[in-house]
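Structure first, then comments.
Note that the structure is a prediction, hence the values are computed from the model and not measured. Below, chain A is the first sequence line, B the second, and so on; all start at residue 1.
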Amino acid sequence: MSEDYRSMWAELGMDLAGHDALLGVLGKAYQDIYLFQKERPEGMAYFDFVMSEVHGLRIKELLDEKAAGRKIIGSYCVFVPEEIVLAANATLIGLCSGADFATEEVEKLLPRNTCALIKSAFGFKIGKVCPYLESADMIVGENTCDGKKKAYESLGDLVDNLYVMDLPQVKSINGRQLLKAEYLRFKTAVEDLTGVAITADSLRQAIRTVNAKRAAIHRLCALRKASPTPISGLDALLTNQVSFYDNPARFTASVNTICDELEQGIADNIGVFPAGTPRILIAGCPQAVPNWKLPMIVESAGAVIVGEESCVGERGTRNLTVESGQTIDEMLEAIVERYFQVDCAIFTPNQERLIHIEEMVAAYKADGVIHYGLQFCQPYLMESIPVEKALEEMNIPCLRIETDYSMEDMGQLKTRVEAFVEQITS
Amino acid sequence: MRNRFAGIDIGSRTIELVIVDVSGNILLSRQSDTGFDPMAEAKRMTEGVAYDRIMATGYGRNLYEIAFDAQTVTEIKAHATGARFYFPQARAILDIGGQDSKAVALYENGKVKKFEMNDRCAAGTGKFMEIMARNLGYDIGRFGWAALLAEKDLAISSMCTVFAESEVTSLIARGENRSEISRGLHLSVIRRAVAMIQRVSSEGPIVFTGGVANNPCMRALLAEKLGRGILVPEQPQFAGALGAALLARGEG
Ligand code: SF4
Ligand code: SF4
């Protein structure tokens, strides 16, 4: 990244030395994991570019928007509705991160047995290495798992612009009312921040923009059903990860471009892995940039990932918002309806998630499921056991993995995954 | 002529090499300590040994693949194949090796159905047993026999090698009988192994492999606690290397 970004980062109050170290690791990982892949679709060049400029050009764009008066809102969860943010003329950015940073400092504020996602969010704040976090005008936390819920209390001491959204834990009428009330409260907060009142027109436009983005991702997902698979799981995951940072319209166009290319490839029977390569569905915790550890292991073990049942995946993008609402209230209802279906493991009971996993196994013709759980993530680790049991009763092999962001268990994970690939190879 | 097939199992404690002929007869088997340079040791072990094809398994398999351009297979499949060679009906395998342990369930046709591994630390593995034997002043060969002499159960609560060591030290200081302490240690390993095998397989005999299967007290306790038949191949520590050799030959 070019020199002139350094002054930009410095102005954001970032720690340049720490940030250099982070970018060094990120760049190396990207090189080894992504650019090392063979026969990638040409359309991935756009995503490579975005990744190479993820702390550079994209931040500059955001800062330019800011200079023109637009606000930036950061979030840690797919329950924060981008539609409302866009309708108030603000930009939504995902803040979750997939790398350990300043762990020792983090563990002064959080217990050691906190999941890596939460620790990483703190590490990036304490280490001052995330330009998105530092550019945000509002940071939205949400009451989901206990870890996050309580961690936001401590995060509130580190930042002065934290907004906490309450979320239901049960899919009941009361739960739905709570979600609606919270989205209304959020709407007001965003309007206060931006000074822009949401109108029926702006909300309709925002719904269309976000729907288009999700529809493009749905299109890409559907192409992964083909055999041979036209795109690696690593690349598909990357496009999904980029959706949390990129300009929505540009992202949508880039995904559609890659889909055109993949459709042609499928017509010509071209794939990134040979036909007959064992197909794996990943289910579980979200994988934020640069957490490419498991997909890298899976795809170098001779299997291909055909889908992610995760918030950086189908759980996050499933379902569009109905566009036909006329009034703000009708549209808000439609938004609530759409988000209320997200089957996060913080809900109880959460039978829908198992149904979705089973549907995905069938749709993507997966030979097996790897359940990805972050260490200390109670909701997903708890669910992993009944999920495994249910899948095995249906004769769908399942491997439960529990890991974190460190590289210490690479050897063991490789052995497990390779043995699983041997197991599902006919 | 293709008639000698090698399997090499590169574990963190020991390396085993097995050569089989086309019919699966073992022509050679040897074991050695892994030491600090596994590839040098592996090379030394295969020097002067003739074979047509070699298959590597164990944690060092990928290093071996790179260094010597060999094929590889995971420990899971290698052990399953080795165990099935001795016991063609086998549907479940427990392997307790130097630094890890695993339980594998098989379909009737020998394919892996499900597996579990404990590989995060030395607890419950051969390494744990070695350290404990040394603390009690036994060599590893006599440890199991000593434990068989125990007259009563003595509970050891720590599974962590470090804590178990200090627990053993204080039990010795309290004047507890060494055989009983030994049995207690065996029991704590077996409890873990039993839980692991029960998670993958609920009935039928178990093939017990890995160096720890040479220990008579382990075999007895495993049979007793599981209430299932225990089958131990001769030289159970070679099951992984044998499986790899058989896979190098082209089939299980
Ligand atoms: S897993 Fe749950 S808490 Fe995490 S981003 Fe998804 S919905 Fe939010
Ligand atoms: S991974 Fe699990 S523990 Fe971590 S933030 Fe998400 S739901 Fe909470």
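A distance of 5.0 Å separates NZ in A:K414 from CG in B:N62, rounded to the nearest 0.5 Å. Distance CD/A:Q412 to OH/B:Y59: 11.0 Å, rounded to 0.5 Å. Summarising the geometry, atom OG1 belonging to A:T425 is positioned 6.5 Å from atom NZ belonging to B:K111; distances are rounded to the nearest 0.5 Å. If you take CZ on A:R400 and CD on B:E116, they are separated by 6.5 Å, rounding to the nearest 0.5 Å. Rounded to the nearest 0.5 angstrom, A:Q423 CD and B:K77 NZ are separated by 11.0 Å.
Heavy-atom neighbours of B:D69 CG from other residues, nucleotides or ligands within 6.0 Å: at or below the threshold of 12. Remark: B:Q71 CD is loosely packed, at most 12 non-hydrogen atoms of other residues, nucleotides or ligands lying under 6.0 Å away. Other residues, nucleotides and ligands place no more than 12 heavy atoms under 6.0 Å from the CD atom of A:Q378. Annotation: A:Q351, atom CD; neighbour count of heavy atoms from other residues, nucleotides and ligands within 6.0 Å does not exceed 12. No more than 12 heavy atoms of other residues, nucleotides or ligands shown are found within 6.0 angstrom of CZ on A:F36. Summarising the local packing, NZ of A:K150 is surrounded by 12 or fewer heavy atoms from other residues, nucleotides or ligands at distances under 6.0 Å.
For B:K113, the part lying under 4.5 angstrom from a heavy atom of chain A is the backbone only. At a 4.5 Å heavy-atom cutoff, the contact between B:V73 and chain A is made by backbone and side-chain atoms alike.
Looking only at heavy-atom pairs under 4.5 Å with chain A, the residue among B:T72, B:T74, B:V112, B:V104 that has the most is B:T74.
Ion pairing between a basic and an acidic side chain is recognised when a charged N comes within 4.0 Å of a carboxylate O; A:E418 and B:R61 show such pairing. Here B:R199 does not pair with A:E388 in a salt bridge; the nearest charged N to carboxylate O distance is not below 4.0 Å.
Contact annotation: the side chain of A:F420 never approaches that of B:I76 to less than 4.5 Å [non-hydrogen atoms, C-beta and beyond].
Nearest heavy-atom pair, A:T415 versus B:M117, reported as atom, atom and distance to 0.1 Å: CG2-CE, 3.8 Å.
Legend: residues meeting side-chain contact (heavy atoms from CB on, under 4.5 Å) with A:A102, ordered by chain and number and at least two apart, are A:E105. Residues passing the salt bridge (Lys or Arg N to Asp or Glu O under 4.0 Å) test with A:E309, sequence neighbours excluded: A:R315, A:R353.
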